[in-house]
Enquirer: 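The structure that follows is given in the form of structure tokens.
Proteins come first, then strands; the chains are lettered A, B, ... in the order of their sequence lines, and each starts at number 1.
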There are 2 protein chains.
Amino acid sequence: MADKAVPDIVVGRLPIYLRALTYLKADNREITSSQELGDRLGISSAQIRKDLSHFGEFGKQGTGYDIAHLERNLKAILHVDRMWDVVLVGAGDLGHALAAYRGFAGRGFRIAAVFDKDPAKIGKPIGNDLVIEDVATLADRVREQGWQIAIIAVPADQAQLVANTLVQAGIRAILNYAPITLMCPSGVRVEQIDPAAHLQHLTYYLG
Amino acid sequence: MADKAVPDIVVGRLPIYLRALTYLKADNREITSSQELGDRLGISSAQIRKDLSHFGEFGKQGTGYDIAHLERNLKAILHVDRMWDVVLVGAGDLGHALAAYRGFAGRGFRIAAVFDKDPAKIGKPIGNDLVIEDVATLADRVREQGWQIAIIAVPADQAQLVANTLVQAGIRAILNYAPITLMCPSGVRVEQIDPAAHLQHLTYYLG
DNA sequence: ACGAATTTGTCAATAGTTGCACAAATCGCA
DNA sequence: TGCGATTTGTGCAACTATTGACAAATTCGT
Ligand SMILES: NC(=O)c1ccc[n+]([C@@H]2O[C@H](COP(=O)([O-])OP(=O)(O)OC[C@H]3O[C@@H](n4cnc5c(N)ncnc54)[C@H](O)[C@@H]3O)[C@@H](O)[C@H]2O)c1
Ligand SMILES: NC(=O)c1ccc[n+]([C@@H]2O[C@H](COP(=O)([O-])OP(=O)(O)OC[C@H]3O[C@@H](n4cnc5c(N)ncnc54)[C@H](O)[C@@H]3O)[C@@H](O)[C@H]2O)c1
């Protein structure tokens with residue numbers, strides 16, 4: 001079955017499937033099944049089959065899925081069969097952790113540049129081989145490099161400002177760590193990470 | 001209308017509502033409406049009213065919601081009208097950022113202790129006033145202190161091991177930063193944060 | 001070569017979520 | 001006081017997501 005508007009919730013599960021496949025491959029496994037994937041991910045096998053069926057037929061009846069083949073296909077579907085440059089704004093504690101994070105490379109991402117506003121930080125090294133740049137030059141650099149993805153790791157009261165600059169400069173996808181809901185024009189996608197919100201979700205269930 | 005199994009997806013939105021209320025209060029606002037909240041959060045006003053109606057009647061027709069009152073009620077519903085101790089396992093780059101993070105306190109959480117396995121790190125200060133402890137003592141300390149919530153920030157290949165230890169010791173809620181799906185007994189809730197998965201969700205929509 | 005065991009992809013049924021629309025309540029102001 | 005403007009809480013309808021079930025395809029052991 002081919003594409004006509006795949007539900008966003010399905011798209012959100014694909015990276016999880018891809019992650020699981022990568023671990024299976026690292027374990028020298030060649031074949032898996034929707035049953036096995038589901039058991040590992042706490043998802044029903046029917047859901048996995050249904051999700052994948054939005055994009056094509058990747059399995060073989062009686063056998064299951066060739067891990068390398070499905071991995072390759074999921075990477076193509078998610079457009080991570082290439083390397084994406086990501087701009088990081090905010091070089092505080094979190095920004096330093098993200099700039100140094102080794103987990104992005106294997107999944108299609110590279111922190112291409114880091115920007116901060118603090119004169120004491122500008123010019124300092126960060127991550128593997130980057131130097132913190134002045135946020136005043138952010139818009140020009142984004143336009144010049146054609147970067148499309150940004151991570152925001154500045155204080156909450158600066159986040160909307162930074163987002164506006166990024167959007168003006170042509171950024172089309174933002175991963176926001178500031179604990180505030182960003183207002184962006186449609187056409188710009190935003191994903192949010194807020195650990196305190198996750199913790200509060202958990203405490204609801206703790207008497 | 002009172003409680004009979006509130007949908008998890010509704011619970012997950014409450015921290016977002018709470019966060020928005022806190023900003024409104026900081027702005028010296030006293031009253032808001034489902035309309036205003038919805039506009040700020042990109043959610044329909046009907047959904048906000050319906051979500052809140054699972055827990056009681058907090059608004060006043062014709063007027064809206066008293067911000068301080070609704071905030072107090074949401075905190076009670078989420079059980080963050082108290083301070084929770086959180087155990088952090090893993091004192092790498094991310095662990096250091098989390099240990100130093102100022103954003104937890106105002107939302108009901110305190111990093112109570114940090115554990116690592118690396119002898120070079122054990123005994124070193126971290127965060128405001130903590131010292132990195134030996135992960136070998138983790139289980140005993142969790143039992144002794146009665147901690148119920150943990151954050152896992154160790155490498156992926158260690159995360160399940162650490163989770164098992166935590167669960168054995170009585171932890172009931174885990175926020176997992178390792179990019180792997182944890183298998184935990186029912187009764188233990190797990191939330192996952194995986195920035196690469198979020199980025200891949202975004203790249204799906206970038207041609 | 002054949003039957004038992006797997007496993008996919010999909011249809012149909014079930015379950016869950018969101019949005020509409022409106023009565024009832026409240027407010028502000030003339 | 002009374003009227004128009006708001007805004008809530010909710011029943012109901014529309015929409016979306018998940019699960020169950022099974023024919024068809026494939027494998028494997030005898
Ligand atoms: N530290 C964590 O573990 C953590 C976890 C989750 C979310 N967050 C959130 O991530 C954001 C960053 O957290 P942090 O702990 O790194 O904070 P931080 O204060 O250590 O760092 C913020 C950095 O942003 C820079 N900055 C401020 N305004 C800027 C601007 N307009 N343009 C560019 N740079 C600017 C500051 O100079 C500073 O270097 C915050 O919104 C925080 O709430 C942090
Ligand atoms: N750095 C980031 O920005 C980032 C972002 C998202 C997710 N993550 C994930 O979070 C985890 C930690 O990331 P990091 O960058 O801090 O890695 P890191 O390698 O800097 O730190 C990992 C720490 O865990 C400790 N450790 C290893 N095994 C342990 C065990 N069994 N018990 C206790 N401690 C143990 C190590 O000694 C080290 O101090 C990883 O799973 C990573 O994939 C990191």
Enquirer: Check for a donor-acceptor pair, side chain of A:T203 on one end and backbone N or O of B:L78 on the other, with a separation under 3.5 Å.
Expert: yes

Enquirer: Of all the nucleotides listed (C:dC27, D:dT7, C:dT7), which has the minimum atom distance to the side chain of A:S33?
Expert: C:dT7

Enquirer: Can you tell me the distance, in whole Å, between the CZ atom of B:R49 and the P atom of C:dT17?
Expert: 19 Å

Enquirer: Hey, which of these two, A:I43 or A:K60, hits DNA chain D nearer its 5' end, going by closest nucleotide?
Expert: A:I43

Enquirer: Between the base of C:dT8 and the side chain of A:Q61, is one N or O donor paired with an acceptor at under 3.5 angstrom?
Expert: yes

Enquirer: Start with the C-alpha gap between A:D8 and B:Y204, add the side-chain angles, then the distance that decides, and say whether side-chain contact (heavy atoms from CB on, under 4.5 Å) holds.
Expert: CA-CA 10 Å; A:D8 187 63; B:Y204 174 82; over 6 Å; no

Enquirer: Checking A:N73 side chain against A:H69 main chain: does a donor-acceptor pair fall under 3.5 Å?
Expert: yes

Enquirer: Output the rounded distance in Å from CG (B:L52) to C1' (D:dT10).
Expert: 13 Å

Enquirer: Would you kindly give the CG-to-C1' distance between A:D51 and C:dT8, to the nearest whole Å?
Expert: 14 Å

Enquirer: In whole angstrom, give the distance that lies between atom CD of A:Q35 and atom P of C:dT6.
Expert: 11 Å

Enquirer: Among the nucleotides D:dT26, D:dG20, D:dG9, which one has an atom lying closest to any side-chain atom of A:A46?
Expert: D:dG20

Enquirer: It should be established whether A:S53 places a side-chain nitrogen or oxygen under 4.0 Å from OP1 or OP2 of nucleotide C:dG9.
Expert: no

Enquirer: Which residues pass the side chain to side chain donor-acceptor pair (under 3.5 Å) test with A:Q158, sequence neighbours left out?
Expert: A:K117

Enquirer: Picking from D:dT26, C:dT26, D:dT18, which would you name as closest to the side chain of A:T63?
Expert: D:dT26

Enquirer: Regarding A:S34, tell me which of base, sugar-phosphate or nothing describes its non-hydrogen contacts under 4.0 Å with the strands shown.
Expert: sugar-phosphate

Enquirer: Roughly, in whole Å, what's the span from CZ in B:F55 to P in D:dT10?
Expert: 13 Å

Enquirer: Report the distance from atom CD of A:Q47 to atom P of C:dG16, rounded to the nearest whole Å.
Expert: 13 Å

Enquirer: Starting at atom CG of A:L70, determine the distance to atom C1' of C:dT7, rounded to an integer number of angstrom.
Expert: 14 Å

Enquirer: Check nucleotides 12-16 of chain D against the protein and report each pair of N or O atoms closer than 3.5 Å, with its distance, or say if there are none.
Expert:
| residue | atom | partner | partner atom | Å |
| --- | --- | --- | --- | --- |
| D:dC12 | N4 | B:K50 | NZ | 3.1 |

Enquirer: Starting from the C-alpha separation in whole Å, work towards a yes-or-no answer on side-chain contact (heavy atoms from CB on, under 4.5 Å) for A:H96 and B:H96.
Expert: CA-CA 10 Å; A:H96 275 83; B:H96 274 83; over 6 Å; no

Enquirer: In whole angstrom, what separates A:D8's CG from D:dT18's P?
Expert: 12 Å

Enquirer: Checking side-chain polar atoms at under 3.5 Å, does B:D51 have a donor or acceptor matched by the opposite partner on B:Q47?
Expert: no

Enquirer: Ignoring backbone atoms, establish whether B:Y65 has a side-chain N or O less than 4.0 Å from OP1 or OP2 of C:dT26.
Expert: no

Enquirer: I'd like to check the side-chain contact (heavy atoms from CB on, under 4.5 Å) partners of B:L130; sequence neighbours left out, ordered by chain and number.
Expert: B:I111, B:V114, B:I126

